[in-house]
Amino acid sequence: MTINLSLSKRAHIKRKDVKGMKFRERYDGKEVIVALCFILPNMIGLAIFYFIPLVQNVFYSFTDWGQFGGYTFSGLANFKKIFSDREALGALSNTLIYTVFTVPITMFLSMIIAALLNSKIKLVGLYRTIYFLPAVTMISAIGLIWRWMLDPTYGVVNQLLRRIGINGPDWLTSTPYAMISLIIVGIWSTLGTTIVLYLAGLQGISKSFYEAAEMDGAGTVRKFFQITIPLLSPTMFFNLITSLITALQVYDLIYLMYNSSNPALSSVQSLAYLFYKYGFILNEKGYSAAIGVLLLVLTLMITIVNFAFQKKWVHYE
């Protein structure tokens with residue numbers, strides 16, 4: 001028994017030595033140093049602009065800040081306030097509604113458009129450029145242009161509706177239509193990025209799969225559902241995660257399209273907008289930090305759930 005144990009220990013030590021030798025043979029000491037030098041600036045940037053502010057925000061969520069600076073520890077008071085605050089609960093509801101409608105529609109439309117742009121049609125390069133333009137346009141320009149287009153009096157949208165005998169609504173100041181306008185603009189602004197990613201995934205699928213399916217008598221619809229979607233599932237998963245995170249953190253479009261005096265602002269303001277409002281306008285930094293932590297936890301929970309179900313619906317080539 002002792003001999004077997006000693007032999008197993010020796011074998012384990014030899015395996016560790018072999019792994020260490022392979023590592024040393026593969027990576028020279030100078031190469032490791034050079035690699036670290038390249039990685040270090042990025043890691044420093046992540047620590048300064050992401051990790052340290054994240055830790056500070058979590059700490060400040062348990063504090064109460066005075067109007068002239070300084071803070072006192074308040075425990076869970078800020079989080080209790082969130083779940084009893086109608087404005088915060090409304091912002092949470094608005095965020096979820098925006099996410100539930102924006103993400104599935106964007107995923108569906110972008111996949112259909114990417115499949116069309118992947119086919120052999122005339123001027124396909126021009127169409128790809130047109131669809132990708134919103135992705136490279138500054139969000140400030142997008143918000144201001146759509147704010148002008150949706151103006152009830154001078155906006156292009158209502159003017160076109162008047163030409164066909166329809167009186168357009170107050171898109172940005174009417175409560176039922178304010179969220180619809182935000183969803184439409186959100187889908188339009190994020191469609192280009194998801195289309196490009198789907199298009200890259202489609203072009204990575206070998207044509208031999210489709211040729212073999214055609215030999216078996218498969219039609220266009222069957223090839224799409226039995227070949228394209230399974231092989232495109234990793235790209236779909238990546239688009240889903242990034243789209244969810246983007247939708248949950250919507251702020252800029254709300255800030256640009258809706259004034260602080262807009263009567264419909266309460267029907268569209270998100271958790272991210274509320275974070276800005278309490279932190280920089282009302283100067284309640286502790287409560288603002290607690291809202292930020294709630295948004296972080298919500299994003300992490302949704303992401304973890306998606307990763308938990310990843311193996312069940314993502315098929316790798």
Practice prompt. List for me each residue that meets salt bridge (charged side-chain N to carboxylate O under 4.0 Å, His left out) alongside Lys223, sequence neighbours excluded, and say none if there are none.
Written response: Glu214
Item to complete: Please list, chain by chain and in numerical order, all residues satisfying salt bridge (charged side-chain N to carboxylate O under 4.0 Å, His left out) with Lys285, sequence neighbours excluded.
Response: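 For Lys285 there are no salt bridge (charged side-chain N to carboxylate O under 4.0 Å, His left out) partners, ignoring immediate neighbours.
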Main chain of [Y], side chain of [X]: is a donor-acceptor contact present, judged purely on distance under 3.5 Å?
{"X": "Ser61", "Y": "Val293", "answer": "no"}
{"X": "Asn42", "Y": "Phe38", "answer": "no"}
{"X": "Thr228", "Y": "Phe225", "answer": "no"}
{"X": "Ser93", "Y": "Leu89", "answer": "no"}
{"X": "Thr194", "Y": "Leu191", "answer": "yes"}
{"X": "Thr299", "Y": "Leu295", "answer": "yes"}

Discussion item. Which residues pass the side chain to side chain donor-acceptor pair (under 3.5 Å) test with Tyr98, not counting sequence neighbours?
Written reply: none
Worksheet entry | Separation of Gln269 CD from Asn262 CG (nearest 0.5 Å) |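 Asn262 atom CG to Gln269 atom CD measures 11.0 Å (nearest 0.5 Å).
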Worksheet entry | Gap separating the CD1 atom of Ile302 from the CG atom of Leu248, nearest 0.5 angstrom | 4.5 Å
Is there a path from [X] to [Y] through hydrophobic residues (I, L, V, M, F, W, Y) whose side chains come within less than 4.5 Å of each other?
{"X": "Val221", "Y": "Leu202", "value": "yes"}
{"X": "Met149", "Y": "Leu144", "value": "no"}
{"X": "Leu161", "Y": "Tyr154", "value": "no"}
{"X": "Tyr273", "Y": "Phe280", "value": "yes"}
{"X": "Phe132", "Y": "Met138", "value": "no"}

Item to complete: Would you mind listing the cluster partners of Phe49? Hydrophobic ones only (ILVMFWY), side-chain contacts under 4.5 Å, chaining allowed.
Response: Ile39, Leu40, Met43, Ile44, Leu46, Ile48, Tyr50
Worksheet item: Residues sharing Phe51's hydrophobic cluster, by side-chain heavy-atom contacts under 4.5 Å among ILVMFWY, directly or via others?
Response: Val55
Any side-chain heavy-atom pair of [X] and [Y] under 4.5 Å:
{"X": "Tyr198", "Y": "Met107", "result": "yes"}
{"X": "Thr63", "Y": "Tyr60", "result": "yes"}
{"X": "Leu271", "Y": "Leu92", "result": "yes"}
{"X": "Ser270", "Y": "Asn94", "result": "no"}

Quick one: list whatever passes ring pair (Phe, Tyr, Trp, His ring centres under 6.0 Å) with [X], sequence neighbours left out.
{"X": "Tyr278", "answer": "Tyr287"}
{"X": "Tyr251", "answer": "Tyr255, Tyr276"}
{"X": "Phe79", "answer": "Phe62"}

Worksheet item: Once the angle between the rings of Trp65 and Tyr71 is folded into 0 to 90°, is it parallel (under 30°), tilted (30 to 60°) or perpendicular (over 60°)?
Response: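 Trp65 and Tyr71: tilted rings.
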Practice prompt. Decide if atom OH of Tyr210 counts as having more than 12 heavy atoms of other residues, nucleotides or ligands within a radius under 6.0 Å.
Written response: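 Enclosed.
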Worksheet item: What's the shortest heavy-atom distance between Leu253 and Tyr258, and which atoms?
Response: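 Shortest heavy-atom contact: O-CD1, 4.3 Å.
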Item to complete: Could you walk me through whether Met236 and Ile229 pass the side-chain contact (heavy atoms from CB on, under 4.5 Å) test, one step at a time?
Response: CA-CA 8 Å; Met236 293 171 60; Ile229 290 183; 4.2 Å; yes
Practice prompt. Please collect all salt bridge (charged side-chain N to carboxylate O under 4.0 Å, His left out) contacts where either partner lies in residues 109-134, sequence neighbours excluded, each pair once.
Written response: none
Item to complete: Carefully, step by step, assess Leu199 and Ile113 under the rule side-chain contact (heavy atoms from CB on, under 4.5 Å).
Response: CA-CA 9 Å; Leu199 190 59; Ile113 295 171; over 6 Å; no
Worksheet item: When you look at Leu296 and Leu54, which way does the side-chain contact (heavy atoms from CB on, under 4.5 Å) test go after all the steps?
Response: CA-CA 10 Å; Leu296 173 65; Leu54 174 62; 3.4 Å; yes
Item to complete: State which residues pass side-chain contact (heavy atoms from CB on, under 4.5 Å) with Leu197; sequence neighbours excluded, sorted by chain then number.
Response: Thr193, Thr235, Phe238, Asn239
Item to complete: Mind checking side-chain contact (heavy atoms from CB on, under 4.5 Å) for Val156 and listing every partner two or more places apart, or none if nothing turns up?
Response: Trp148, Leu160
List the atom pairs, donor and acceptor, that lie under 3.5 Å between side-chain atoms in residues 165-188 and the rest of the protein, sequence neighbours left out.
unit_1, atom_1, unit_2, atom_2, d
Trp171, NE1, Asn158, OD1, 2.8
Ser181, OG, Trp171, O, 3.0
Ser181, OG, Tyr177, O, 2.8

Worksheet entry | Criterion side-chain contact (heavy atoms from CB on, under 4.5 Å) on Leu116 and Tyr127, from CA distance to verdict | CA-CA 10 Å; Leu116 294 173; Tyr127 294 140; over 6 Å; no
